[in-house]
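For the numbers below, each heavy atom of this structure counts, side chains included, while hydrogens, waters and symmetry mates do not.
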Protein chains: 2
Amino acid sequence: MSTQSPTALAPRELAAWKGMLAAHSRLLARLDAELERDHGLPLTSYEVLMYLGDADGGHLRMGELADRLLLSRSGITRLADRLERQGLIGRRRCENDGRGLYAYLTPAGRDKLAAARPAHLAGVRRHFISRLAPDEIEELGAIWQRLLADEAAPA
Amino acid sequence: MSTQSPTALAPRELAAWKGMLAAHSRLLARLDAELERDHGLPLTSYEVLMYLGDADGGHLRMGELADRLLLSRSGITRLADRLERQGLIGRRRCENDGRGLYAYLTPAGRDKLAAARPAHLAGVRRHFISRLAPDEIEELGAIWQRLLADEAAPA
DNA sequence: CTGATATAGTTGCGTCCGCAATCATTTCGA
DNA sequence: TCGAAATGATTGCGGACGCAACTATATCAG
C-alpha cells in the first residue's frame, strides 16, 4: 500500500504541477499587496485601469473588460461600480448599441494609472521576469500558448 | 506617446507572464468543474481529503492543512466545518496539546477520496502534464523551485 | 508557582465573486 | 412590420475567503 494508483504523478510531474500553484499564489499575493500598499489599488482594479489606458479610443465595453480580466459579467459590473465610486473610471452609453456601455478613464484614473504602472511592472520584473533566463521566458511563452490553444476540453 | 515607460515588458516577457495567469485560471476552473460535476467536490475540499489520506497516522493539524492549502486559519476552519457537516472528515483534540485539533478522514471521506482521486489525477494529466514534453516538466519544476526558494521578498 | 507572552483554533464582519433571474435593446424570421 | 430570440449589462442571492478580535491552552521568565 505504499504506491498509488496507476495514474499517480511522478515526483517531477508533481513538482511541475504543485509548483505552479504555489508560485502563482505567492506571486499574485505579493504583487497585489504591493499595489495595495503603495497605491491603494487591488490588482484587479489596476488591470481595469491598464486596459482602459491602452485601449484604442480610451474606452472598452464592459464585456470586453470581463473577458480580459477573466471575470464574470456580474463581477465586472461590480468592479466598475467600485472604480466609478472612487472616481477612477466612468461609464457612458455606446452610441452604436443602446444596450452597451463604454468604460473610460477619468483624469484621476489616468493619474492613478500613471503612478501605479511603473511600480507594478517593476514588481512583475522583480518577482518573476528577472528570475528567469531568456530561454526560459521563451519556453514558458510557448507552453502557455500550447495549453491555451485548444478552445474546448483537450483530448 | 506610442511606447511605454522604461520598465515596460517585452512581448515575450508579457507572454510568459500573462500566459501563466490565463493558463492557471483555465486549468483550475476545468479541474474544479470536473471534480464538482463527477464527485460533488470542490478542488479545495478534495485537497483536504488528499492530504489527510496521505498523512502519517491519517491525521493533520488544522494549521498544517492551512499551510498546505494556502489558506488562512479561518479559511481552513470553515472548510473543515463544511467537510465535517458532509460527514467526510472529523476533528478531535490533540492529546499532546490541548489547543490543537487533528482532522481525520471518516470512512465516507476515505471512500470519497478513493473515488475522486483517480479522476482528478487523470484530469491533471489530461489538461496539463500530457501537454508537456519531459524536459519541459523538468524545466518547469526548476523554475518554480527557484521562484519559491527565497523566503522573504527577493532582491 | 505565577503572571506575561505565545500559540491553536474559532467567530464576527466585510469583501469579492459567480450563478440565475431580470431588464433593455437589438437582430432576425416570417 | 411585428413578435421571438439573442445580446449587454445589472441585480438578488449565496458561497468562500481574509483580517481582526476573541477564547483556550501552553510556555516561559522570574
Side-chain angles (χ1 to χ4, degrees), chain A residues 21 24-26 28-37 40-48 51-52 59-86 88-104, chain B residues 21 24-26 28-37 40-48 51-52 59-86 88-104:
Chain A
L21 301 185
H24 174 274
S25 168
R26 241 181 56 174
L28 283 204
R30 287 192 174 167
L31 291 171
D32 189 70
E34 290 177 5
L35 212 43
E36 181 89 57
R37 168 169 54 80
L41 214 56
L43 191 49
T44 52
S45 297
Y46 168 82
E47 288 194 278
V48 171
Y51 283 122
L52 292 180
H59 57 252
L60 285 174
R61 297 285 294 263
M62 299 294 288
E64 178 64 26
L65 274 175
D67 291 344
R68 299 205 195 182
L69 296 204
L70 307 174
L71 276 179
S72 69
R73 299 311 173 89
S74 62
I76 198 63
T77 291
R78 263 124 188 180
L79 178 49
D81 288 347
R82 274 171 268 151
L83 290 170
E84 199 165 36
R85 241 180 284 125
Q86 295 170 43
L88 300 176
I89 72 166
R91 274 176 284 195
R92 72 177 138 74
R93 287 232 95 77
C94 171
E95 51 276 3
N96 303 327
D97 188 337
R99 298 166 299 182
L101 294 176
Y102 282 131
Y104 59 91
Chain B
L21 302 185
H24 174 275
S25 167
R26 242 184 49 178
L28 283 205
R30 288 193 174 166
L31 290 171
D32 189 68
E34 291 178 4
L35 212 43
E36 181 88 59
R37 170 168 52 80
L41 214 56
L43 191 48
T44 51
S45 297
Y46 168 82
E47 287 194 279
V48 171
Y51 282 121
L52 292 180
H59 56 253
L60 285 173
R61 297 285 292 262
M62 299 295 288
E64 178 64 26
L65 275 173
D67 292 343
R68 300 204 194 183
L69 296 202
L70 308 174
L71 276 180
S72 69
R73 298 311 174 87
S74 62
I76 199 62
T77 292
R78 264 123 185 178
L79 178 48
D81 288 347
R82 275 171 267 148
L83 289 171
E84 199 166 35
R85 241 180 284 124
Q86 295 170 44
L88 300 176
I89 72 166
R91 273 177 285 194
R92 71 178 138 75
R93 287 229 97 78
C94 169
E95 52 276 5
N96 304 326
D97 188 337
R99 298 167 299 183
L101 295 176
Y102 283 133
Y104 59 90

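Separating the CG atom of B:L83 from the P atom of C:dG9 is a distance of 16 Å, rounded to the nearest angstrom. Atom CZ of A:R61 is separated from atom C1' of D:dT10 by 14 Å (rounded to the nearest Å). Remark: C1' of C:dT15 and CD of A:Q86 are 13 Å apart, rounded to the nearest angstrom. Remark: P of D:dT7 and CG of A:L101 are 18 Å apart, rounded to the nearest angstrom. Separating the CG atom of B:L28 from the P atom of D:dA16 is a distance of 16 Å, rounded to the nearest angstrom. Rounded to a whole Å, the CD atom of B:E36 is 12 Å from the C1' atom of C:dG18. Rounded to a whole Å, the CD1 atom of A:I89 is 12 Å from the P atom of D:dA9. Atom pair A:D32:CG and C:dT15:P shows a separation of 16 Å (rounding to whole Å applied).
For the residue pair B:I76 and B:V48, the shortest heavy atom distance occurs at CD1-CG2, 4.4 Å. Heavy-atom minimum distance, A:R91 versus A:A80: NH1-CB, 3.6 Å. Taking both residues in full, the closest heavy atoms of B:S72 and B:A66 are given as O-CB, 4.0 Å, listed atom of the first, atom of the second, then distance.
Rounding to the nearest 0.5 angstrom, the gap separating the CG atom in A:L31 from the CG atom in A:L43 is 6.5 Å.
No salt bridge links A:R30 with A:E34; every basic N to acidic carboxylate O contact stays at or beyond 4.0 Å.
Side chain of A:R93 to backbone of A:G98: a donor-acceptor contact under 3.5 angstrom is found.
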For nucleotides 17-25 of chain D, 5' to 3', base contacts (B), sugar-phosphate-only contacts (S) and non-contacts (-) with protein non-hydrogen atoms under 4.0 Å give SBB----BB
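Nearer to the 5' terminus of DNA chain C, by closest-nucleotide assignment, is the contact made by B:A80 (compared with the other of A:P42 and B:A80).
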